[in-house]
Amino acid sequence: MLTSPVIKLQRTGAPMPQVGFGTWKHTGDKATEAVEAALKVGYRLLDCAADYGNEKECGLGLKHAIDEGIVKRHDVWVVSKLWNTFHRKEHVRAAVKKSLADWGVDYFDIYYMHFPISLEFVPFETRYPPGWFFDGKSQVKHDNVPIQETWEALEELVDEGLIRHLGVSNTNSALLMDLLKYARVKPSVLQIEIHPYNVQTRAVAYAQSQGVAVTAYSSFGPLGWLVFGTSKSAHTQPLFTHPVITAIAAKHPGSTPPQVVLRWATQRGLAIIPKSDTVEQMEQNMKSSGIKLSEEEMAAIGMLDMGLRFNDPADGFEGCHIFS
Ligand code: NAD
């Protein structure tokens with residue numbers, strides 16, 4: 001069985017797996033099978049969110065693996081995220097409890113605020129997950145909930161043992177700086193979009209300087225966003241055929257371009273959560289930590305930076321389409 005290196009989280013000293021398994025866009029029975037397969041391969045962190053609409057299916061995959069004796073609950077980091085429509089203090093608890101029930105677990109190892117953007121409340125019975133958009137055309141309206149209100153409600157759930165570590169996602173350094181001023185329970189992890197086209201040097205340096213671990217999502221850049229058929233993802237040079245990446249892979253016998261892209265991230269001290277579709281990808285991605293890139297190779301990949309984001313919360317203002 002493969003194993004991941006770990007990153008010690010400052011608040012508790014707990015060892016977070018550096019290579020986790022991304023579950024976004026895994027749906028239905030395939031999500032259940034993928035989670036079970038990932039746990040068999042050796043993944044011990046499952047990155048999910050209420051918004052992914054697959055928490056029940058992922059939870060079933062975890063249950064199968066526990067029933068088969070592959071893992072125990074405490075071996076696995078179960079990770080979820082608060083959706084934007086549940087930012088009001090009176091909705092946070094119910095949202096967390098629903099996600100816990102869907103997963104079939106009684107605590108989350110990490111629970112993120114998914115976006116620093118509050119949207120109007122949508123009751124579970126009306127639509128779940130509520131999303132940014134509905135009916136194929138309408139956008140959920142913005143709400144006026146300050147992040148501090150949401151954060152304090154989340155802190156209470158840490159006190160009660162429903163959440164082990166809090167995280168923030170899709171926030172910039174200024175916002176993280178502000179949050180660190182009032183947070184009684186500091187965020188342990190920042191999860192942001194990072195790949196060679198969006199290196200985020202300063203955001204990573206600031207978070208790490210504050211003892212906040214950083215998890216990179218969408219490590220493969222445009223690839224994870226192609227399903228939406230957006231022009232941005234379709235017109236960006238795929239990373240796996242980029243000459244800088246292929247040349248580096250060629251210098252490391254047995255390595256592949258996806259592994260080089262992932263290793264560039266983990267060698268920066270970042271955690272990664274690639275979404276693998278096959279057992280072969282799961283194994284390949286987990287084995288990426290075995291490569292050692294030179295300083296020159298790390299720098300050459302870093303030079304691909306264009307500040308290009310495929311998931312920019314600033315696009316989430318009313319009237320703008322986030323996936324345009
Ligand atoms: P990704 O960058 O992990 O790319 C996924 C794609 O890469 C899939 O098409 C998969 O088939 C392919 N792939 C994976 N391993 C491969 C390999 N070894 N060789 C060839 N192809 C390979 O995509 P992503 O889903 O955008 O990001 C990963 C995870 O990050 C998500 O599943 C989710 O958990 C998380 N995420 C979080 C946020 C957030 O707002 N916090 C946003 C996006 C994603």
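Note that ligands are numbered from 1 as they come in the structure, with each ligand's atoms numbered from 1 the same way.
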Quiz item: Tell me, which protein residue and heavy-atom name are nearest atom 39 (C) of ligand 1, and how many Å apart are they?
Solution: Y217 CE2, 3.3 Å
Quiz item: Under 3.5 Å between some N or O of ligand 1 and some N or O of G221?
Solution: no
Quiz item: To the nearest 0.5 Å, what is the distance between CD1 (I194) and CG (L270)?
Solution: 5.0 Å
Quiz item: When only distance counts, is S276 in polar contact with ligand 1, meaning an N/O pair under 3.5 Å?
Solution: no
Quiz prompt | Straight-line distance of W103 CH2 to L60 CG, nearest 0.5 Å | solution = 10.5 Å
Quiz item: E68: what forms a salt bridge (charged side-chain N to carboxylate O under 4.0 Å, His left out) with it, not counting sequence neighbours?
Solution: K40
Practice problem: Counting heavy atoms only, name the option from N285, V261, L46 that's nearest to atom 15 (N) of ligand 1. | Solution: N285
Quiz item: Nearest protein heavy atom to atom 4 (O) of ligand 1, by residue and atom, and its distance?
Solution: F220 CD1, 3.5 Å
Practice problem: May I ask you to decide if T256's main-chain N or O and Q284's side chain share a donor-acceptor pair within less than 3.5 Å? | Solution: no
Quiz item: Just by distance, do the side chain of H26 and the backbone of S276 share a donor-acceptor pair under 3.5 Å?
Solution: yes
Quiz item: Among protein heavy atoms, which lies nearest atom 21 (N) of ligand 1, and at what distance?
Solution: Q281 NE2, 3.4 Å
Quiz item: Which atoms of ligand 1 are found less than 4.0 Å from any heavy atom of N170?
Solution: 39 (C), 40 (O), 41 (N)
Quiz item: So which heavy atom in the protein is nearest atom 32 (O) of ligand 1, and how far is it from that ligand atom?
Solution: W24 N, 3.1 Å
Quiz prompt | Short N-O contact, R93 and E156, less than 4.0 angstrom | solution = yes
Exercise. Select the closest option to atom 8 (C) of ligand 1 among D47, T23, D277, judged by heavy-atom distance.
Key: D277
Quiz item: Going by the atom numbers of ligand 1, which of them fall below 4.0 Å from some non-hydrogen atom of Q284?
Solution: 18 (N)
Exercise. Work out whether the distance between some heavy atom of K81 and some atom of ligand 1 is less than 4.0 Å.
Key: yes
Quiz item: Between W225 and F310, what is the ring plane arrangement, given parallel below 30°, perpendicular above 60°, and tilted in between?
Solution: parallel
Exercise. Report the part of K275 in contact with ligand 1, treating N, CA, C, O as backbone and CB onward as side chain, heavy atoms under 4.0 Å; options are side chain, backbone, both, neither.
Key: both
Quiz item: When rounded to the nearest 0.5 angstrom, what distance separates CE in M298 from CZ in R268?
Solution: 7.0 Å
Exercise. Could you see which bit of K25 sits under 4.0 Å from ligand 1, with heavy atoms only: side chain, backbone, both or neither?
Key: side chain
Quiz item: Charged N to carboxylate O under 4.0 angstrom, K81 versus D47?
Solution: yes
Quiz item: Just by distance, with hydrogens left out, do S218 and E193 show a side-chain donor and acceptor under 3.5 Å apart?
Solution: no
Quiz item: Of the choices V168, L223, D51, T256, which has the non-hydrogen atom that lies closest to atom 6 (C) of ligand 1?
Solution: L223
Quiz prompt | Nearest non-hydrogen protein atom, atom 27 (O) of ligand 1 | solution = S218 N, 3.3 Å
Quiz item: Which part of T278 is near ligand 1, with near meaning a heavy atom under 4.0 Å away: side chain, backbone, both or neither?
Solution: neither
Self-check item: Y217-N311 side chain donor-acceptor pair, cut-off 3.5 Å
Solution: yes
Quiz item: With backbone taken as N, CA, C and O and side chain as the heavy atoms from C-beta onward, which portion of P258 lies under 4.0 Å from ligand 1: side chain, backbone, both, or neither?
Solution: side chain
Quiz prompt | Structural part of H114 in contact with ligand 1, heavy atom criterion under 4.0 angstrom | solution = side chain
Quiz item: Hey, is F21 one of the residues with a heavy atom under 4.0 angstrom from ligand 1?
Solution: no
Quiz item: Please walk me through it: do W83 and F86 pass ring pair (Phe, Tyr, Trp, His ring centres under 6.0 Å)?
Solution: CA-CA 6 Å; W83 188 241; F86 305 118; 8.6 Å; no
Self-check item: Parallel, tilted or perpendicular: rings of H165 and W77 (30°, 60°)
Solution: parallel
Quiz item: Going by the order shown, which atoms of ligand 1 are within less than 4.0 Å of some heavy atom of G22?
Solution: 29 (C), 32 (O), 34 (O)
Quiz item: If you count the atoms of ligand 1 from 1 in the order shown, which ones are under 4.0 Å from a heavy atom of N311?
Solution: 40 (O), 42 (C)
Exercise. Return yes when Y112 approaches ligand 1 closer than 4.0 angstrom through a heavy atom, no otherwise.
Key: no
Practice problem: Give the residue and atom name of whichever protein heavy atom lies nearest to atom 23 (O) of ligand 1, and the separation in Å to one decimal. | Solution: G224 CA, 3.7 Å
Practice problem: Scan for side-chain hydrogen bond (donor to acceptor under 3.5 Å, both in side chains) pairs involving residues 174-188, sequence neighbours excluded, and state none if there are none. | Solution: D159-R184
Practice problem: Provide the number and element of each atom of ligand 1 under 4.0 Å from a heavy atom of F240. | Solution: 20 (C), 21 (N)
Exercise. Could you list which atoms of ligand 1 come closer than 4.0 Å to a heavy atom of I273?
Key: 28 (C), 29 (C), 30 (O), 35 (C)
Quiz prompt | H252 and Q259: CA distance, side-chain angles, deciding distance, side-chain hydrogen bond (donor to acceptor under 3.5 Å, both in side chains) verdict | solution = CA-CA 10 Å; H252 294 266; Q259 288 180 317; over 6 Å; no
